[in-house]
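These notes concern the structure reproduced below.
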Amino acid sequence: MAAFPSRASTWILAALLGLVAARLAVMLTRWRRGALPGTRLLLPAVVLAEGLGLLLSGGAAWVLRLRLGSALALELLLTVLAIRAWRRASALPGAWPEDRIAATFGAFLPLRAARLIALELVMVGGATRFLLGGFRDPAPEGFSHHRESALRSFLPALPLLIPGDVLLLHALFPRLPVGLRWAIHASTAYAVLWLVGLYASIKARPHQIQDGEVRLHQGLLKSVAFPTASVRSAAPLPDFDDDWARHAHLKGVSKLVAKGAPLLELALASPVRVDGMLGPGRPTQRLLVSVDDPAAFRAALGC
C-alpha cells in the first residue's frame, strides 16, 4: 500500500506527458505547414523533456537541478524580451506597451496567455512607477474617471492591508507552515500592488474624443473605439426600484467603469466589440461608462 501513491503519481505524470506530446505533434505539423512559428514549440518541448527526465530518473537530484536551470533560463529570456518590448513601445506613438510585449511573447505562447502576461507586467510596472513618484504626474488630456472613483479614496489605506494580513494570519493560524504563510503574505502584497497599478492605468488612460472618434478605456482592463457619429444618445442611468430592475436594465451592456464615478449609458447605432484581457468581447450597442464630468463628456459627443 505504501507504494501506491508513488505508482499513481507516475501514471498521472505519464498521462499528462502523453497529452503534451500529442499537442506538440499537432503544433509540429502546423509549423511544417507554415501556420505556426517555430518558437512556439519551445515551451511544450521543454515541458516534455523535463517531464520525461523526471519520469525516467525517479526524481534524481541532477534532474531537479536541470529542471530548475531550464526554468530560470526561460524566465530570464522572457524578462529580456519584455524589457526590449517595453523600450520599443516607448518609441512608437500610439502603441500601448502591453500590445508590444504581447506581440513579442506571442512567438512563444498562445495569444491569450501572451496578452495576460503582458498586462500583468505593465500593471506591476505602472504600479512601481506610480509609487516611486508617478502619482505627482498630471493626468493626460481627456475625460478622466479616476478623480471620483472609490479606488482613489481607498488608495491611502491599501498599504495597511499588508501588516493587517500578517497579524490576522498569525492570530488565526499560528501553526501554519512557514512556506504557506509567506505565500499568502506575498499574494496579499501582490494584490495591493495590482490595485495601485489599476488606479495608475485608469489615471493614465482617460477617455478621448478626437478626430471624429471616441476611445474609451477602463485602465488596462478594457478599451473600445468607434466613430463619434455612431453615438445615438448618452444619458445617466435611470432610478431603479431595486437591484433586480437595475440588473435587468444592464443585461447585455458592456461596462468600462471606475467604481464610484458618475455613470453614463451610451447607445450606439452599430454594434462594437470591447477589447478585454482575453480579447474582443461580444458585440453590443450599449456601453456603460464612468466619467468625472458627464456634462462636458456629453457636450463633446454632441448629445
Side-chain angles (χ1 to χ4, degrees), residues 27 30 35-43 74-132 134 137 139-146 190 193-228 230 254-258 271-284 287 289-290:
M27 295 175 66
R30 295 185 60 193
L36 194 72
T39 49
R40 284 284 300 275
L41 304 175
L42 176 61
L43 277 178
L74 185 59
E75 290 181 4
L76 180 60
L77 174 62
L78 294 179
T79 303
V80 171
L81 289 175
I83 294 174
R84 289 181 59 189
W86 191 296
R87 291 178 176 176
R88 291 176 182 175
S90 61
L92 294 176
W96 296 113
E98 65 269 19
D99 295 333
R100 295 291 301 172
I101 295 175
T104 302
F105 284 174
F108 299 90
L109 299 168
L111 295 180
R112 289 187 176 184
R115 181 163 180 80
L116 283 176
I117 293 176
L119 288 173
E120 289 295 321
L121 288 173
V122 176
M123 191 76 79
V124 173
T128 304
R129 183 181 182 279
F130 182 84
L131 293 174
L132 293 179
D137 297 339
E141 294 184 1
F143 298 92
S144 66
H145 59 143
H146 70 279
Y190 184 80
L193 190 65
W194 199 90
L195 289 175
V196 173
L198 176 60
Y199 175 79
S201 68
I202 291 175
K203 178 182 178 181
R205 301 186 184 189
H207 306 314
Q208 303 282 344
I209 303 177
Q210 295 177 347
D211 302 327
E213 186 181 47
V214 181
R215 293 186 294 275
L216 306 176
H217 302 277
Q218 187 187 4
L220 287 169
L221 302 183
K222 296 180 182 179
S223 65
V224 65
F226 50 86
T228 308
S230 67
S254 292
K255 302 175 183 178
L256 296 95
V257 171
V272 296
R273 291 178 180 268
V274 177
D275 291 327
M277 297 184 68
L278 297 178
R282 296 180 178 179
T284 181
L287 300 172
V289 181
S290 59

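In what follows, every heavy atom counts, from backbone to side chain, and hydrogens, waters and symmetry copies are set aside.
With sequence neighbours excluded, no residue forms a side-chain hydrogen bond (donor to acceptor under 3.5 Å, both in side chains) with D275. Under the ring pair (Phe, Tyr, Trp, His ring centres under 6.0 Å) criterion, F143 pairs with F297, not counting sequence neighbours.
Nearest heavy-atom pair across P140 and A204 is CG-O, 3.3 Å. In plain terms, the two heavy atoms of G134 and K203 that are nearest each other are O-NZ, 4.4 Å. Between H146 and A139 the shortest heavy-atom distance is CE1-CB, 3.9 Å.
Between Y199 and F130, the angle of the ring planes goes over 60°, which puts this pair in the perpendicular group of the 30/60° scheme.
In this structure, CZ in R215 is found 9.0 Å from OG1 in T228, a value given to the nearest 0.5 Å. The CG atom of L221 sits 14.0 Å away from the NZ atom of K255 when rounded to the nearest 0.5 Å. Taken to the nearest 0.5 Å, the NE2 atom of H217 stands 8.5 Å off from the NE2 atom of H207. The line from CG of L119 to CG of D99 is 8.5 Å long, rounded to the nearest 0.5 Å. One distance of note links CD of Q218 with CZ of R205; it measures 12.0 Å at 0.5 Å rounding.
Contact of the L216 side chain with the V274 side chain is not registered, since no non-hydrogen atoms from C-beta on lie closer than 4.5 Å.
Residue R129 qualifies as open at atom CZ: its count of foreign heavy atoms under 6.0 Å is 12 or below.
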